[in-house]
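Following: one structure in structure tokens, then a few remarks.
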Protein chains: 2
Amino acid sequence: MKTDIPAMNWVRTFEAAARLLNFSAAARELHMTQSAVSQQIKLLEHHLGDELFIRKHKKVTLTNSGLAYLPVVQTTLNDLQRKTADIFSPVGKGRLVLQVNYAFSYLWLSNNLYKFCARYPGIRLQLFHSNWASDFSESSHDLAIINGNGKWSGLNLEPLIKAEVQPLCSVKIAQLISQPKDLLSLSLIEVVGASHSWEQWFEQFGINLDPSLVICHKVDTILAASMMAESGLGVMLSYPDLFAKQYKEGKLSAPFDEKMPTSDNYFLVFPEGRPLSKSATVFRDWLREEMRVFLRLMT
Amino acid sequence: MKTDIPAMNWVRTFEAAARLLNFSAAARELHMTQSAVSQQIKLLEHHLGDELFIRKHKKVTLTNSGLAYLPVVQTTLNDLQRKTADIFSPVGKGRLVLQVNYAFSYLWLSNNLYKFCARYPGIRLQLFHSNWASDFSESSHDLAIINGNGKWSGLNLEPLIKAEVQPLCSVKIAQLISQPKDLLSLSLIEVVGASHSWEQWFEQFGINLDPSLVICHKVDTILAASMMAESGLGVMLSYPDLFAKQYKEGKLSAPFDEKMPTSDNYFLVFPEGRPLSKSATVFRDWLREEMRVFLRLMT
DNA sequence: CTATCGTAATAAGTATTGCTAATGGATGGG
DNA sequence: CCCATCCATTAGCAATACTTATTACGATAG
């Protein structure tokens with residue numbers, strides 16, 4: 001085969017013909033004659049140095065190579081079309097692929113995303129959930145929302161909430177607490193992997209935490225921690241901003257006003273060095289504004 | 001913009017011009033005249049309904065749209081070229097992307113892959129490690145090697161080793177063991193998520209395992225289990241086939257000959273309903289044959 | 001068996017597109 | 001200031017894409 005890329009029209013003709021398994025039908029779909037289809041496919045086959053179709057008198061079928069090539073061609077054409085449209089179609093149209101942290105999606109986005117959709121009804125959203133830092137060159141999402149310390153290279157970051165944590169628990173449990181050391185007799189919920197810890201929190205009050213003396217549930221996600229805290233299983237140390245709804249509904253309460261800074265935050269993440277698609281820019285701007293309003297209401 | 005896909009030559013011309021930021025240089029690279037480049041880019045801009053370059057008398061720069069479009073075009077062209085070559089270039093050429101289970105890669109593949117590379121020097125390998133079942137429609141790998149019970153739909157599966165496990169430990173520890181109940185006084189290493197368990201193993205001998213009475217290390221990967229077993233920290237329950245090398249080198253030993261069937265295995269996984277690329281077929285055949293020889297040597 | 005329909009291949013001619021050569025305008029370095 | 005470099009434009013030629021018309025083949029219905 002020749003090493004250069006086959007012409008777009010050959011490929012598009014092949015796609016239609018392979019999908020329909022009928023040159024005449026492909027010709028109708030592409031608004032050309034059957035003859036043109038026949039010729040283009042012959043040219044493509046010659047270019048690739050391999051047969052794509054088995055011509056059996058009344059119907060054509062795909063060869064093994066053709067069968068293997070069809071999905072390649074389909075995803076390529078589809079990708080190019082979609083991404084081209086994302087960049088060049090007018091603002092408010094197109095698809096937007098987001099990678100979102102589970103907890104942020106459940107605790108904040110689920111309560112607010114409807115506003116974005118109402119404002120930009122032409123933007124079709126596609127949400128993927130993952131808690132891991134994202135590789136924009138590999139994956140095909142436009143934006144990501146990730147929790148972590150923000151030390152990722154090659155990415156643009158915008159912190160979304162205030163980077164401070166405080167003890168949070170059910171209202172019932174909160175009534176049992178009046179001073180920091182009261183916590184020591186309760187179950188503490190620790191999120192493993194977080195850069196803030198109960199140890200640090202107690203340090204603020206001169207209390208040296210002896211890990212063997214406290215009951216400490218360890219969970220690997222903030223979502224699990226919040227569910228345990230809500231159901232009265234213990235006290236968690238987390239971002240008050242994130243639990244506004246639970247706070248308002250009386251499901252969670254903060255026994256102390258003091259907040260402790262942390263180096264973890266939720267970040268809006270997008271690739272560095274190349275501009276965002278229009279839809280992604282629109283979403284970023286919306287999220288910025290929405291978070292600004294949200295955080296102002298918090299104080 | 002028009003909704004149909006821009007012609008391949010327009011796109012290719014744009015790619016070169018945008019990369020080099022010089023129409024004349026792009027023309028030289030593509031073996032055409034500067035005039036042709038200028039015209040094609042003008043056509044593409046017209047097609048997309050947007051400017052791609054800012055023409056500043058001596059040099060051109062990319063507009064925001066152009067900047068956003070360049071990576072899209074580059075990955076698309078690259079992908080199409082690579083995948084086309086994978087299908088149509090002669091056997092023994094091309095790239096092969098494998099997703100491999102960590103343990104299988106470390107314990108078996110690392111000792112045998114050199115033979116494949118020696119036999120097919122034209123095939124460039126790309127290995128990704130992951131222990132999770134794979135989605136061929138999303139990801140871009142050709143084959144995967146995964147551990148599990150094989151209950152994944154839409155995938156072709158071929159078991160790679162014998163689906164049986166047996167206790168394995170360091171030679172030193174093995175000398176302390178003569179009958180099954182001797183194990184109860186040692187540390188047992190359990191791989192969480194595996195479908196076989198120590199409980200099942202003891203059941204064979206009519207021993208009811210009381211979890212509270214045995215020291216049980218829990219790990220989440222076979223690799224971690226094997227490292228602990230090798231260093232004499234305890235006994236693990238795993239596939240003897242996988243540890244041939246450790247066995248031969250005296251690092252691991254099997255205190256009992258009896259093997260227990262398990263529903264977990266390592267599987268070679270490939271997509272259903274479409275043929276593999278030539279490189280992938282070659283790899284599959286090589287792996288089959290290599291495993292056949294390997295397993296025969298085992299018995 | 002034969003007429004007809006649906007399908008693909010081919011040949012020849014036309015239309016479209018792509019490319020070159022030549023030229024002009026603009027700019028910055030020497 | 002002049003020359004080199006860069007891009008745009010134009011006109012004309014070359015390549016390609018497409019159409020029309022025709023042939024060939026097989027299935028199916030009469």
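Residue numbering restarts at 1 for every chain, and letters A, B, ... go by the order of the sequence lines.
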K42(B) or S35(A), whichever maps to the more 5' nucleotide of DNA chain D:
K42(B)

Hey, is NZ on K115(A) packed in by over 12 heavy atoms from elsewhere, all under 6.0 Å?
yes

Have a look at S24(A) and say if it touches a base, only the backbone sugar-phosphate, or nothing, with a 4.0 Å heavy-atom cut-off.
sugar-phosphate

dA9(C) P sits how many Å from N22(A) CG, rounded?
11 Å

Candidates dG18(C), dA9(C), dT19(D) - which lies nearest the side chain of M32(A)
dT19(D)

Whole-Å gap separating C1' (dC7(D)) and CZ (F23(B))
7 Å

Gap between atoms CE and C1', on M8(A) and dG18(C) respectively (whole Å):
17 Å

Over how many whole Å does the gap from N9(B) atom CG to dA17(D) atom P extend?
9 Å

Do D79(A) and D79(B) have side-chain heavy atoms sitting under 4.5 Å apart?
no

Closer than 4.0 Å, any side-chain N/O of R55(A) to the OP1 or OP2 of dA9(C)?
yes

Want to settle it: does S38(B) or T33(A) sit nearer the 5' end of DNA chain D, counting the closest nucleotide to each?
S38(B)

With a sphere of 6.0 Å drawn around NZ of K93(A), does it hold more than 12 non-hydrogen atoms of other residues, nucleotides or ligands?
no

Separation of atom CD1 in I54(B) from atom P in dA8(D), rounded to whole Å:
13 Å

Does dT16(D) have its OP1 or OP2 closer than 4.0 Å to a side-chain nitrogen or oxygen of W10(A)?
no

When you measure only distances, ignoring hydrogens and angles, does the side chain of Q39(A) come within 3.5 Å of the base of dA17(D) through a donor and an acceptor?
no

How would you label the contact of V60(B) with the nucleic acid (heavy atoms, under 4.0 Å): base, sugar-phosphate, or nothing?
sugar-phosphate

Distance in angstrom units between R12(A) CZ and dA17(D) C1', rounded
12 Å

Round to the nearest Å and state the distance from L20(A) atom CG to dA8(C) atom P.
11 Å

Could you tell me the separation between the NE2 atom of H31(A) and the P atom of dT19(D), rounded to a whole number of Å?
11 Å

Side-chain contact test, heavy atoms from C-beta onward, threshold under 4.5 Å: evaluate it for W108(A) versus I161(A) and give yes or no.
no

With rounding to the nearest 0.5 angstrom, report the OG to CG distance, S277(B) to L96(B).
6.0 Å

